[in-house]
There are 2 protein chains.
Amino acid sequence: MPRSSNNPATKAASVTLATVAQRAGVSPQTVSNALNSPELLRPETLDRVLRTIDEVGYRPHRAAQTLRTRSSKLIGYGIRPTAPGASAPVMDRFLHALSQTADEAGYRILLFASPSGGAGLDGYEELLDLHSVDGFVLSGTERGDQRQAWLEKRGVPFVAFGRMWSGRQIGDWVDVDGASGTDAAVEHLVGLGHRRIAFLGWPRGSGVGDDRAEGWQRAMRRHGLPVRGRRAQSVDDIASAQAAVGPLLDAGATAVITASDMLALGCYHALRERRAVPGTDIAVVGFDDNPMAALLSPGLSTVAQPLEAVGRECVRLLLARMSEAGAPPERVLLEPSLVLRDSTSASDA
Amino acid sequence: MPRSSNNPATKAASVTLATVAQRAGVSPQTVSNALNSPELLRPETLDRVLRTIDEVGYRPHRAAQTLRTRSSKLIGYGIRPTAPGASAPVMDRFLHALSQTADEAGYRILLFASPSGGAGLDGYEELLDLHSVDGFVLSGTERGDQRQAWLEKRGVPFVAFGRMWSGRQIGDWVDVDGASGTDAAVEHLVGLGHRRIAFLGWPRGSGVGDDRAEGWQRAMRRHGLPVRGRRAQSVDDIASAQAAVGPLLDAGATAVITASDMLALGCYHALRERRAVPGTDIAVVGFDDNPMAALLSPGLSTVAQPLEAVGRECVRLLLARMSEAGAPPERVLLEPSLVLRDSTSASDA
DNA sequence: CGAGTTCATTGGAGCGTTCCAAAACCATTG
DNA sequence: CAATGGTTTTGGAACGCTCCAATGAACTCG
């Protein structure tokens, strides 16, 4: 039976429960039940009511529902100015995935502008009071992030994209296992015969960056490969990466794994500068699968985050938390995937 | 006088108008007036009520306001998967600016996932019915976009980031004058002494791409410079751009203006391939100011869109439209700015 | 000094929904 | 056939706010 009609027929000023009720010859309450507790109605009545709903194109008015039930079916998300190191394409895809999954579960994402600094808790409070959002999704968690503790204290459901990098673990989160990504990159390179595999990371101290370094290190150790002199760091900037990777190349590295595609691009430049070809002479692996990575030549092999899955899991955990506040926290660590392109292919030329 | 308190004092279960009214010794209606029509109150009363509001940390409940006033103070925005050609960083910054300006005007952005295809009008209808959004912001307008006509027909206020590229002009829009950007790029290059200035664009037919080409062409004509044989096209992909720019270089171009930073990156590769240095040997100008542009070496000169201003104007036009539905449509074309980096500096080495 | 006028404040209703408790219906049964 | 118990339906109130019309207070003027 068709539940959503395409010809909203008369669709006059406003179709309310009462409209439907009258037309179907039942009470407004019954119409409400037809939608919220269909098992209460006699099948025959249910059918008639649903048909009428369809005919007149009735849609429940969310504001009224919110007022009555104290639940807005809204999820708050504080959008921050793109932080250095956090790539816009990643956030963009995440937000789309999040919005999509939320939609499918009958929820919507309500944006608010959040200052870049960790602070800006006011925004969260305001959304809570004014719009009675049912929960929040955080992203870009940092060391010393105060948001989780603040939300927990108020008993507000939330889920973070990004684990807690410091202090006591609070609440649910979904994250991508960066260490596993760089580990896999090492594995792949070792399989190709590389032994002198270097890592170009961000300055120590950022949770995300250290995690990615960690995977490289453990995989190297596992294979009995030395890491000393094979690691360098740079801010997320091409020129600076280009400079930082120099010593690694001088030390004879045959492959470089980086903490971001930007850093990888810096390696490309350094290689070109030395008349070397990425992929053919030196293998390079980036991180994040920036759209640019596919477009480079040779294409940049990189570690891709499963952002659709992250979005999906965020919604799933949040819904679970909202339905059972006391449940033990759930933490999901998703596997990134290694996208292989020409920057890691042993040239056959 | 402090209007927003930081210590919400008792902030019990829920603070309503009635709570405040009782505590201030006035009627609920008076409290409402204090916020919505303060000029109706005696200054003395107003003061007392506002103070009480502050003390108890009262915040009006939006759902109740929405229900009563039929205005949600919500602006809908259909977020699409990043389209090819449209850069994620651009959309990201735009969305942030939009959200911020909306916040300041007391509005919020409500996201919904919209399919990439032009269709997906259902999403708009649903947001309208369910959440009674007050208006929409569109972005990524294309040739033959149906959204504007659809919204106009229903009398729903909207504003588009992106002009109408085909058909009758409908509604308000804000856009960036791409032609003016490439025109300015030509001007700058001519000032540096360049005469053989080429353009690498996208395949004809996309509104945005053709617009950017147009500016180059008209500036060239204005300076009496030939355009024949100085134009090539490529999809937004580095390798393909690299190939497409070849003939232009062969034909002796000393500078290349491109429709996007990706295409410019393709030029960089082509130049490296020929042992030429961007900036020193051949000038390159990109478009969009992708974060990557600043990080390249040499830094890529590029045309930057004033996204904060776009966001601000979108909100301004939308608010105007909402307050006066019948006003003549307003269309704002903003000037992009040329960001100069080393890819256009006559080398002094 | 009472009637008219303006200004400030209030009471009641209603927005569309769901909660709660009570009512109607229907078939069994003692 | 009245009483019982279960299923299905209903009426009224309430969520928090703002609209509207009406009241009360203060002030002006013949």
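Within every chain, numbering begins at 1; the chains are lettered A, B, ... in the order of the sequence lines, protein sequences first and strands thereafter.
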Participant: Hey, is the main chain of A:R80 close enough, under 3.5 Å, to the side chain of A:S114 for a donor-acceptor pair?
Facilitator: no
Participant: Rounded to the nearest Å, what distance is computed from the CZ atom of residue B:R62 to the C1' atom of nucleotide D:dG16?
Facilitator: 12 Å
Participant: Does a side-chain N or O from B:Q65 land closer than 4.0 Å to OP1 or OP2 of D:dG16, or not?
Facilitator: no
Participant: Report which part of the nucleic acid B:T16 touches: base, sugar-phosphate, or nothing (heavy-atom distance under 4.0 Å, all strands).
Facilitator: sugar-phosphate
Participant: How are the rings of B:Y124 and B:F112 set to each other: parallel, tilted or perpendicular (split at 30° and 60°)?
Facilitator: perpendicular
Participant: When all nucleic acid strands are considered with a 4.0 Å heavy-atom cut-off, which category describes B:P28: base, sugar-phosphate, or nothing?
Facilitator: nothing
Participant: Decide whether A:H131 and B:R59 meet the rule of one side-chain donor and one side-chain acceptor closer than 3.5 Å.
Facilitator: no
Participant: Side-chain N or O of B:S32 versus OP1/OP2 of D:dT18: is the shortest distance under 4.0 Å?
Facilitator: yes
Participant: Let me spell it out: for each of B:L40 and B:L67, pick the nucleotide of DNA chain C with the closest heavy atom. Which residue's pick is nearer the 5' end?
Facilitator: B:L40
Participant: Does the side chain of A:N33 get closer than 4.0 angstrom to OP1 or OP2 of D:dT8 through an N or O atom?
Facilitator: no
Participant: Of all the choices, C:dT10, D:dG16, C:dT17, which nucleotide is nearest to the side chain of A:H61 once you look at every atom?
Facilitator: C:dT17
Participant: Base, sugar-phosphate alone, or nothing: which one does A:T45 contact when heavy atoms must sit under 4.0 Å apart?
Facilitator: sugar-phosphate
Participant: Classify B:T69 by what it touches in the nucleic acid, base, sugar-phosphate, or nothing, heavy-atom distance under 4.0 Å.
Facilitator: sugar-phosphate
Participant: Does a distance-only test, which skips hydrogens and angles, find a donor-acceptor pair under 3.5 Å between the side chain of B:R68 and the base of D:dT18?
Facilitator: yes
Participant: Is B:R108 salt-bridged to B:D103, cutoff N-O under 4.0 Å?
Facilitator: yes
